[in-house]
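Hydrogens, waters and symmetry mates play no part in the numbers below; they use all other heavy atoms, side chains included. Remember, it's a predicted structure, so these values are computed and weren't measured experimentally. Naming: A, B, ... by sequence-line order, numbering from 1 per chain.
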Amino acid sequence: MSEPLSSPTSPPETDDAPSNFVRDIIDEDLEKDTHDGRVVTRFPPEPNGYLHIGHAKSIVLNFGIAEDYAARGADTTCRLRFDDTNPTGESEAYARSIEDAVHWLGYEPDEVRHASDYFERFYEYAVTLVEKGLAYVDSQSEEEIRENRGTVTEPGRESPYRDRSVDENLDLLRRMKAGEFADGAHVLRAKIDMASEHMIMRDPLLYRIRHIEHYRRGDDWCIYPMYDFAHCLEDAIENVTHSLCTLEFANNRRIYDWILENALPEDQLPQRPHQYEFNRLNLTYTVLSKRKLRRLIEDGAVDGWDDPRLFTLAGLRRRGVPPSAIRQFCRAVGVTRSPGRVQISRFEHAVRDDLNAKAPRVMAVLDPLRVVVENFAEATGLDEDDADRLEADYWPRDITGREGTREVPFTRELFIERDDFREDPPEGFHRLAPGREVRLRHGFFLTCTGLEKDDAGNVTALRAEIDPETRSGHAPDGRNPDGTIHWVSATESLPCEARLYDRLFTHRAPDAGEEDFYEHLDPDALVTRPAARIEPSVPGTLADKPKRSDRTGGADRSSPRGGSALGAQRFQFERIGYFWPDPEDASTDRLVFNQIVPLRDSWAEEDTGLTAQELEKRRREKERERQKQRERAMAGQRDPVEDFGPEQRERFERFLKKHGLSRDDAAVLAERAALAEFFESALGHYDAPQPVANWTINELLRELDDDAPAASLAALPFGADAFARLVQLTDEDAVSAQAARKVFGEMLAGAETEPKQIVEKRNLRRLDDAAKLRRTADEVVAEHPDEAARYRDGETKLLGFFMGRIMERTRSTADAQKARAALRDVLG
RNA sequence: UGCCCGGUGGUGUAAUGGCAGCACAUCGGCCUUUGGAGCCGCUGGUGAAGGUUCGAAUCCUUCCCGGGCAGCCA
């Protein structure tokens with residue numbers, strides 16, 4: 001009976017730890033031992049607002065990596081670091097709420113740090129850059145700086161102060177720090193390149209003057225570092241190995257790398273932190289940006305940061321969403337580099353999935369309709385105002401390992417859900433209607449024998465009779481009603497208020513269009529049911545008031561808290577949804593329940609997903625869209641020669657006429673002078689234009705740095721002659737195409753650059769011995785009987801699978817033609 | 001328009017040159033004292049065109065579409 005609500009051991013959450021590109025990178029670094037087996041991550045919020053579910057994704061990512069890799073033996077650390085470099089708007093209160101939210105989510109940072117503790121060190125790094133001539137004090141006005149930055153298509157102009165001497169810069173910087181200048185009088189800038197095509201590199205600002213009190217450092221400083229300067233250094237100071245941030249910082253990686261490469265001592269560079277960007281979490285039917293959330297709150301569209309309609313962590317917490325569900329959701333959505341919008345139904349699924357096994361079932365009626373059981377006394381043998389106390393299970397039978405029951409009073413007058421009765425039931429309606437019989441959950445079968453209406457024609461009460469033989473919920477004659485409905489006693493149930501929350505916006509992407517997202521606000525996102533009734537057992541079974549003390553580390557990680565035997569905070573109101581007492585407004589005299597998430601309701605009109613028809617329509621639209629795009633793509637194709645200069649044109653013509661290349665190939669080579677030169681030089685050693693062109697374009701080109709093709713070509717460990725000999729080797733069938741690519745890989749690595757030598761050393765000569773290939777094919781087929789059967793069954797695409805196995809076994813040396821023939825032979 | 005990043009069923013995500021898989025949603029069936037849960041099944045996808053390769057979602061080229069960058073914000 002006192003079965004604890006939480007299982008003693010939490011389920012291993014790492015089981016489904018998804019593979020993602022960040023973990024791939026970490027695996028690789030661990031493999032290469034880049035960081036001596038350390039994996040150091042961090043969650044770096046600025047304490048100027050509240051956290052939302054998007055931050056939860058980042059928290060789960062960073063702390064989850066620390067947990068998972070620690071379990072695998074790595075030396076992991078994950079810190080909470082406040083990125084408090086801009087005192088405007090930052091506060092201790094925000095910092096506390098953020099730390100609290102991290103705890104609530106179930107994580108304990110290895111350490112809590114503050115960027116503001118590093119201000120002295122940042123300054124030292126700034127001095128270093130100035131001394132190296134890589135930073136200068138600029139005294140232009142804010143407007144001048146903006147104007148001189150240029151645009152995405154026009155280069156910027158250098159500041160007239162750009163060439164100040166190191167000594168002058170040092171002096172000015174010192175005086176900025178000393179408070180000799182007013183806000184905006186000077187800034188410190190990196191000296192990089194005002195003409196860079198990367199806007200971020202046009203002499204980015206490093207420090208600005210701000211005579212503002214910092215919530216932790218007081219008046220210690222009047223210059224504050226910019227994000228791009230501070231963040232990478234914070235990571236370096238903390239020995240962060242993998243610095244994870246969202247995609248919009250991808251451009252900033254250039255300056256992140258630049259600062260570290262130029263400010264850090266040489267010996268720290270090999271282990272310096274690297275930034276990786278992942279996709280931020282977006283949800284349908286809601287907004288998540290700090291700015292938009294703030295606006296909703298300040299305008300009174302919602303009731304505060306913890307309004308349960310909001311996807312702030314405070315809101316989700318108040319609504320009753322368990323942290324374990326949020327963690328699971330965050331793991332399930334995945335980490336990639338493609339931005340998208342996750343359907344809210346996935347979130348709801350995660351919450352239901354979590355609560356299904358954890359929330360005991362009770363009954364509540366949100367919109368009560370009175371039912372008078374006219375044969376009560378006669379059927380139960382009790383007095384009219386007595387109660388038949390029915391024993392009801394807290395758990396359905398498919399929830400294993402959970403037991404427990406309570407008594408539910410069954411009286412002459414009941415309440416049922418108004419929705420569960422129709423005077424004129426539509427097709428497929430399984431519930432109560434005049435003359436119909438339904439099962440009352442945990443009790444009798446009940447038949448509606450009549451109804452009462454008010455002057456307006458609204459049904460005000462029902463008359464009904466129960467079958468005395470069905471107290472157990474079963475009929476001796478085996479009949480089984482279509483529907484089962486929930487109910488409470490009219491006289492013994494308790495009044496309560498229920499708050500139902502729905503998505504805040506009616507549009508799947510409220511902030512995506514031109515229009516203001518306010519236009520999509522759903523006024524019905526909060527529906528209050530003030531006259532709800534709940535079975536009397538509930539208040540006594542509630543765990544301690546949830547309040548803000550819901551520190552159950554994600555509920556399932558620590559032992560259940562005291563309180564009643566059941567110790568539950570969250571319930572399923574049968575057939576409605578999951579609920580818990582509102583932490584602010586519920587009290588012992590006032591029952592107020594928040595709906596955490598409704599139950600899935602396959603009877604209700606589904607407005608979340610798309611119907612089959614809509615799906616079909618979408619498909620047709622997509623096909624049309626594709627057709628259109630095909631046309632657009634074709635129309636956009638232009639003659640590459642159009643933009644060519646005279647030299648390129650000349651090369652193009654030569655490749656076309658003299659070497660007989662295709663227009664595409666000729667254009668690719670002609671466009672790139674260095675590559676063209678290499679190509680023609682290779683041709684001098686092996687005069688087979690098309691094969692050499694293929695190799696140049698498809699294999700060589702990708703190894704070149706786009707920004708400096710000539711330099712990377714010159715830096716190649718081999719010349720055009722060796723390259724030509726490689727092409728010749730494969731062209732003359734001495735090695736298979738795949739083996740040739742292996743050889744090329746080794747040439748790039750540089751230890752041995754003569755193709756023939758590599759072929760000999762690695763034993764990569766083409767294998768075309770028919771008997772040998774036949775034996776290999778036999779073995780491969782014998783090893784995969786299932787696939788062989790499927791192939792013989794007509795799944796001929798599996799030939800590729802078998803080819804793969806042969807190539808694997810022969811280290812890519814097999815002659816493809818002959819191997820294929822052998823396979824066909826064996827497979828019949 | 002310069003640069004960077006991204007496009008895989010309706011949605012989110014796997015497949016690291018070798019069988020396009022998983023989850024959610026949808027639809028159908030089974031089961032059910034919750035129209036819940038569970039179980040089984042169906043439908044449906046690599047933005048386009050060329051190229052390389054025995055073999056391409058993956059490599060190359062071009063195009064199309066979407067996002068980001070011109071704060072003394074982060």
Looking for any heavy atom pair under 4.0 Å, which part of the strands does [X] touch: base, sugar-phosphate only, or nothing?
X        : result
A:Gln637 : base
A:Phe429 : base
A:Gly428 : base
A:Gly184 : base
A:Arg352 : nothing
A:Val668 : sugar-phosphate
A:Glu574 : base
A:Thr470 : nothing

On a plain distance test, is the side chain of [X] in donor-acceptor contact with the base of [N] below 3.5 Å?
X        : N      : result
A:Arg600 : B:rG35 : no
A:Glu154 : B:rG2  : no
A:Arg630 : B:rG47 : no
A:Arg441 : B:rU34 : no
A:Glu699 : B:rU52 : no
A:Asn698 : B:rG51 : yes
A:Gln690 : B:rG51 : no
A:Asn251 : B:rG68 : yes
A:Gln629 : B:rG47 : yes
A:Asn694 : B:rG51 : no

Which nucleotide in [options] has an atom nearest any side-chain atom of [X]:
X        : options                : value
A:Asp353 : B:rC19, B:rU62, B:rG38 : B:rG38
A:Met226 : B:rC72, B:rG12, B:rC54 : B:rC72
A:Ser19  : B:rC54, B:rC64, B:rA14 : B:rA14
A:Leu599 : B:rC24, B:rU62, B:rU34 : B:rU34
A:Thr484 : B:rU34, B:rG55, B:rA74 : B:rU34
A:Asn86  : B:rG35, B:rC63, B:rA74 : B:rA74
A:Arg626 : B:rA74, B:rU46, B:rC54 : B:rU46
A:Arg741 : B:rG18, B:rG55, B:rG2  : B:rG55
A:His198 : B:rC54, B:rC3, B:rC19  : B:rC3
A:Arg149 : B:rA70, B:rC4, B:rA74  : B:rA70

- Is A:Arg189 salt-bridged to A:Asp203, cutoff N-O under 4.0 Å?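 A salt bridge is absent here (no side-chain N lies under 4.0 Å from a carboxylate O).
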- Item | A:Arg42 with A:Asp83: basic N within carboxylate O range, under 4.0 Å |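 Answer for the salt bridge query: no.
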- Item | RNA chain B: 5'-proximal contact among A:Ala633 and A:His442 (nearest heavy atom) |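 Its nearest nucleotide being more 5', the pick is A:His442.
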Whole-Å distance separating the [atom1] atom of [X] from the [atom2] atom of [N]:
X        : N      : atom1 : atom2 : result
A:Leu701 : B:rU62 : CG    : C1'   : 13 Å
A:Arg210 : B:rA74 : CZ    : C1'   : 12 Å
A:Gln328 : B:rG12 : CD    : C1'   : 14 Å
A:Met634 : B:rA49 : CE    : P     : 8 Å
A:Phe21  : B:rU16 : CZ    : P     : 17 Å
A:Lys797 : B:rG55 : NZ    : C1'   : 14 Å
A:Asn252 : B:rC4  : CG    : C1'   : 11 Å
A:Tyr224 : B:rA74 : OH    : P     : 12 Å

[N] phosphate, OP1 or OP2, under 4.0 Å from [X] side-chain N/O:
X        : N      : value
A:Thr85  : B:rA74 : yes
A:Arg337 : B:rG6  : yes
A:Arg208 : B:rA74 : yes
A:Arg575 : B:rG35 : yes
A:Arg638 : B:rC63 : yes

- Message: As a test of understanding, state which of A:Thr470, A:Asn480, A:Asp467 forms a side-chain hydrogen bond (donor to acceptor under 3.5 Å, both in side chains) with A:Arg439.
- Response: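 Of all the options given, the one that passes is A:Asn480.
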- side-chain hydrogen bond (donor to acceptor under 3.5 Å, both in side chains), paired with A:Arg575, selected from A:Asp419, A:Asp420, A:Asp601: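 Only one of A:Asp419, A:Asp420, A:Asp601 forms a side-chain hydrogen bond (donor to acceptor under 3.5 Å, both in side chains) with A:Arg575, namely A:Asp420.
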Integer angstrom distance from the [atom1] of [N] to that of [M]:
N      : M      : atom1 : value
B:rA14 : B:rC19 : C1'   : 14 Å
B:rG7  : B:rC63 : C1'   : 14 Å
B:rU34 : B:rG66 : P     : 50 Å
B:rG45 : B:rG9  : C1'   : 4 Å

Heavy-atom check, side chain of [X] versus side chain of [Y], under 4.5 Å:
X        : Y        : result
A:Met363 : A:His442 : yes
A:Arg663 : A:Val641 : yes
A:Arg790 : A:Glu787 : yes

With both distances under 3.5 Å as the test, what is the Watson-Crick or G-U wobble partner of [N]?
N      : result
B:rC69 : B:rG2
B:rC22 : B:rG12
B:rG55 : none

- Query: Is the ring of A:Tyr227 stacked on the base of B:rA74, with centres less than 5.5 Å apart and planes under 30° off?
  - Reply: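 Not stacked: fails the 5.5 Å / 30° test.
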- Message: Between the base of B:rA74 and the ring of A:His231 - centre-to-centre under 5.5 Å, planes within under 30° - is that a stack?
- Response: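 Not stacked: fails the 5.5 Å / 30° test.
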- Assign the ring pair A:Phe410 / A:Phe444 to parallel, tilted or perpendicular, where the plane angle (0 to 90°) is split at 30° and 60°.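 Ring orientation of A:Phe410 relative to A:Phe444: tilted.
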- Aromatic rings A:His55 and A:Phe43: how do their planes relate, parallel, tilted or perpendicular, breaks at 30° and 60°?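 Ring orientation of A:His55 relative to A:Phe43: perpendicular.
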- Message: Are A:Phe801 and A:His784 an aromatic pair, judged by ring center distance below 6.0 Å?
- Response: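 Ring-ring flag for A:His784/A:Phe801: true, centres closer than 6.0 Å.
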